[in-house]
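What follows is one structure encoded as structure tokens, with my remarks underneath.
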Amino acid sequence: MKHEQHRNMNRFYILLNVLTFAAAAVNTGSHSLCFLSTFIIGETPFPEFTVLTMLDDILMTYYDSVEEKAVMKVGQQLNEEKQTFADMIFGALHEGMRDQANFLKRHFNYTNGVHAEQRLDCCELLSHNKPGGMKMFDAFNGLNGMELDYDVHHHALHTETKWPIVFDTVKLEYNKKLYAYFLHPVCIEALETALKELKNHVFRKVKPRVRLMMKPHADSGGARVSCLATGFYPRHVNLTLLRNGQPVSEHLVSGGELLPNGDGTYQMRKSLEISAEELQQKNNYTCTATHLSLDNKLDIHWDYDPGPPTAVIASTVLLVILVCLVAPIAVFIMWKKRHVVSRTSSQSDYSAASTTEEKELEELKN
Ligand SMILES: *[C@@H]1O[C@H](CO)[C@@H](O)[C@H](O)[C@H]1NC(C)=O
Ligand SMILES: *[C@@H]1O[C@H](CO)[C@@H](O)[C@H](O)[C@H]1NC(C)=O
């Protein structure tokens with residue numbers, strides 16, 4: 001049972017990632033608002049029901065069945081009217097998902113253990129603020145079972161179900177009206193409002209920090225050249241590794257996955273393995289990044305430059321140390337020795353010199 005639970009939870013997180021990325025993979029210029037809801041049957045450390053609201057890839061609100069209150073994660077908290085409305089919608093979603101999850105658990109003859117239903121509801125605004133359609137994906141224990149696609153321009157609802165949920169004419173008409181008069185306008189209005197209120201987050205531009213690194217492989221004599229761009233927003237970036245000014249063929253380059261940094265920014269790394277022979281060729285590797293935050297492309301150079309031979313540097317440095325440091329010290333010490341000797345001799349003749357000035361004068365005379 002433990003194993004089964006574990007597997008289900010794993011599937012659940014994999015799906016979560018896939019859905020989040022699918023939803024956020026929107027073109028620049030368009031924006032989406034998505035509700036990612038999870039209902040869990042069985043004992044887990046998590047609340048039975050949670051909803052995350054994502055504005056593009058920004059976590060906007062969090063709601064769970066323990067607090068029953070939508071909490072803004074960015075910007076200002078909701079006003080009283082919006083708060084009541086959001087809590088009511090999420091409460092209704094909770095009820096709906098409880099019924100569906102229990103129905104599916106009975107249908108699949110599942111007994112004990114942990115079972116999770118996940119739903120993703122998204123609406124989008126296309127470029128020039130043109131409202132797009134609305135999509136819903138529903139999955140149980142990590143397996144997609146139902147998809148709804150509402151086309152606002154043709155007022156059409158496309159449904160696809162693997163579960164025994166029949167969309168007969170009556171149910172289809174009811175759902176079309178539900179989308180047309182409630183779900184779609186509410187979602188679009190929430191999206192428009194959120195874009196206005198959170199414009200400092202949505203439209204922020206954060207420059208990537210780009211580094212080109214080389215890690216030698218002690219065993220093979222080869223090396224790995226990596227270009228890392230990190231800390232940028234939005235997520236769209238083009239990172240290119242070049243060898244002697246020419247882009248390295250993509251199939252030789254590994255990495256390139258976009259990874260979240262956890263602070264709302266992203267990172268991407270691209271690497272190239274170079275053999276010991278190639279390393280001998282002393283190629284010039286560079287890295288280029290293009291990003292919305294950069295007016296021009298950012299070129300990062302790292303020339304393969306072995307520098308002047310070490311022996312020459314060492315002897316030069318030694319000479320400099322000798323001339324600048326050792327010689328004056330030697331002179332000083334020699335002078336100091338004489339100084340001490342003469343001082344001792346003058347001290348024996350105490351009466352002749354009572355003050356320092358007089359002593360020094362005396363030394364100078366000597
Ligand atoms: C669940 O059990 C019933 C009765 O044993 C059976 O008829 C049905 O096919 C099972 N359902 C699934 C999805 O395995
Ligand atoms: C990346 O390259 C593609 C193709 O050249 C281009 O259309 C896109 O605008 C570039 N993206 C960025 C962020 O520079």
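We count ligands from 1, going down the list as the structure has it; atoms in each ligand are counted the same way. Numbering starts at 1 and runs along the sequence shown. Computed over heavy atoms, backbone and side chain alike; hydrogens, waters and symmetry mates excluded.
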* **Worked verdict on D87 versus K69 for salt bridge (Lys or Arg N to Asp or Glu O under 4.0 Å)** => CA-CA 6 Å; D87 295 347; K69 188 171 188 291; over 6 Å; no
* Asked: When you check the side-chain N and O atoms of D57 and Y233, is any donor under 3.5 Å from an acceptor?
  ->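 A pair is found: one side chain offers a donor N or O, the other an acceptor, under 3.5 Å apart.
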* **Member of F39, F49, Y63 meeting the ring-ring contact (aromatic ring centres under 6.0 Å, His included) criterion with F90** =>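 Of the listed options, the one satisfying the test is Y63.
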List below, pair by pair, the N or O atoms of ligand 2 and of the protein that are less than 3.5 Å apart, including the distance to 0.1 Å; reply 'none' if no pair qualifies.
from	atom 1	to	atom 2	distance (Å)
ligand 2	2 (O)	N238	ND2	2.2
ligand 2	11 (N)	N238	ND2	3.0
ligand 2	14 (O)	T290	OG1	2.9

* To do: Look at the rings of F140 and W163 and say which category their plane angle falls in: under 30° parallel, 30 to 60° tilted, over 60° perpendicular.
  =>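 Ring orientation of F140 relative to W163: perpendicular.
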* Asked: Between Q83 (side chain) and A70 (backbone), is there a donor-acceptor pair under 3.5 Å?
  ->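 Checked: pair present.
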For residues 195-215, please give each side-chain donor-acceptor pair under 3.5 Å, one per line with the distance, not counting sequence neighbours.
from	atom 1	to	atom 2	distance (Å)
E197	OE2	K82	NZ	3.3
R204	NH1	H201	O	3.0
R204	NH2	G264	O	3.2

